[in-house]
Protein chains: 2
Amino acid sequence: MSRGNTRVTDAVRTEACPVTEVLDRVAGKWSIGILTAAAHGPVRFTELERAINGISRRMLSLNLRRLERDGLLIRTVHPTVPPKVEYSLTPMAQELHASLTGLVSWAERHRSAIAEARATYDTAAARELDAG
Amino acid sequence: MSRGNTRVTDAVRTEACPVTEVLDRVAGKWSIGILTAAAHGPVRFTELERAINGISRRMLSLNLRRLERDGLLIRTVHPTVPPKVEYSLTPMAQELHASLTGLVSWAERHRSAIAEARATYDTAAARELDAG
DNA sequence: CTGAATCCTTCAGGATACTG
DNA sequence: CAGTATCCTGAAGGATTCAG
């Protein structure tokens, strides 16, 4: 999520708006996908890369670091050759994943309704352009 | 939800698509705040502007349009002078708001744990820099 | 295999000014 | 009151390359 030229520090912002703090954990194009992909046990880097359709190696790495930093992911390095690194959710993240499941469920249930609403809205706007 | 010997790849691909759609509706700095602020009945534009700390008039307007387009907000114009416009959640959005409440609750419960994890992570990184 | 480093583009979002 | 229009910045994210 872009914050533009906001001058407010993170500390002040999160204190003022806890809602934003939630979003920051889940924000970004890939966080939910990573959390979902890692929810059912230890997963290797390459497995995640293959599982999450369209993610770049860079973004996967960046997001894994951020999630690990926030205490949502456990990173386990097996000192073998070739290296083997596994990621899994912390208990805290497991809870988060449960909430996210609710979101996913909502999206599945209303996906077509949203598409329809959007189409209706757009045709209405187009008609106004014709009329005006 | 697949478990056990189901391969991660298959489990995630089927979820990753709606996941992206969810995120698109909730993405952005203000969507959750707007949905939360409008959840308890019709709210006027200026009321939202005051309720949501730090939002600009432009972003409020843009997000209201987007939410309305997706069928999450109802926009009611009262042809009075001065103009009066009220926003309220559609039933679909009410359900979404229920899920979002879970997210907010999660954030409140684990906020300090996240801050602590972050501090630990950062000090560990700093120590490695010193050692190296 | 698991990354980190670098460069580059896109776009959300802030500041500001204007309008019915 | 409830917006729209314009300009601009900074962060997200993609592509590519290098490394342990």
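All chains are named by letter (A, B, ...) in the order of the sequence lines, taking the proteins before the strands, and each is independently numbered beginning at 1.
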Non-hydrogen atoms of Met92(B) and Leu72(B) that approach each other most closely: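 Smallest heavy-atom distance, with atoms named: CE-CD2, 3.7 Å.
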
What pairs meet the salt bridge (charged side-chain N to carboxylate O under 4.0 Å, His left out) rule with one or both residues in residues 31-51 of chain B, with sequence neighbours excluded?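 Residue pairs passing salt bridge (charged side-chain N to carboxylate O under 4.0 Å, His left out), neighbours aside: Glu49(B)-Arg57(B).
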
Pairs meeting criterion salt bridge (charged side-chain N to carboxylate O under 4.0 Å, His left out) with involvement of residues 29-38 of chain A, two or more places apart: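 Counting only pairs at least two positions apart or across chains, no salt bridge (charged side-chain N to carboxylate O under 4.0 Å, His left out) contact touches residues 29-38 of chain A.
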
I want to verify a distance call: between dA2(D), dG14(D), dG14(C), whose nearest atom is closest to the Thr46(B) side chain?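 Ranking dA2(D), dG14(D), dG14(C) by closest atom to the Thr46(B) side chain puts dA2(D) first.
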
When you measure from the side chain of Lys29(B), which nucleotide among dG14(C), dT2(C), dC1(D) comes out closest?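 Of all the options, the side chain of Lys29(B) is nearest to dG14(C).
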
Starting at [atom1] of [X] and ending at [atom2] of [N], how long is that distance when rounded to a whole Å?
X	N	atom1	atom2	answer
Leu60(B)	dA15(C)	CG	P	14 Å
Ile55(A)	dT16(D)	CD1	C1'	17 Å
Arg66(A)	dA4(C)	CZ	C1'	18 Å
Asn63(B)	dG13(C)	CG	P	6 Å
Glu47(A)	dC1(C)	CD	C1'	12 Å
Ile52(A)	dG14(D)	CD1	P	12 Å
Trp30(B)	dG13(C)	CH2	P	9 Å
Glu49(A)	dT2(C)	CD	C1'	9 Å

Salt bridge (Lys or Arg N to Asp or Glu O under 4.0 Å) with [X]: which residues, sequence neighbours excluded?
X	value
Arg58(B)	none
Arg66(B)	none
Glu95(A)	Arg109(B)
Glu116(B)	none

Upstream residue (5' side of DNA chain C) when Met59(B) and Pro83(B) are each assigned their closest nucleotide: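 Residue closer to the 5' terminus by nearest nucleotide: Met59(B).
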
Kindly calculate the angle separating the two end axes of the helix from dC1(C)-dG20(D) to dG20(C)-dC1(D), each obtained from five base pairs, and round it to 10 degrees.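 Terminal axis comparison yields 50°.
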
Between the protein and nucleotides 3-6 of chain D, are there any N/O to N/O pairs under 3.5 Å, and if so, what are the atom names and distances?
unit_1, atom_1, unit_2, atom_2, d
dG3(D), OP1, Arg65(B), NH2, 2.8
dG3(D), OP1, Arg75(B), NE, 3.3
dG3(D), OP1, Arg75(B), NH2, 2.7
dG3(D), OP2, Tyr87(B), OH, 2.6
dT4(D), OP1, Arg65(B), NE, 3.2
dT4(D), OP2, Ser61(B), OG, 2.6

Measuring from atom CZ of Arg118(B) to atom CD of Glu68(A), what distance do you get when rounded to the nearest 0.5 angstrom?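 Arg118(B) CZ to Glu68(A) CD: 13.0 Å, rounded to 0.5 Å.
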
Under 3.5 Å, sequence neighbours excluded: what are the donor-acceptor pairs made by side chains of residues 74-82 of chain B?
unit_1, atom_1, unit_2, atom_2, d
Arg75(B), NE, Tyr87(B), OH, 3.3
His78(B), ND1, Lys84(B), O, 3.3
Thr80(B), OG1, His78(B), O, 3.4
Thr80(B), OG1, Pro82(B), O, 2.9

Between dG14(C) and Ser56(B), is there an OP1 or OP2 to side-chain N/O distance shorter than 4.0 Å?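 Yes, within the criterion.
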
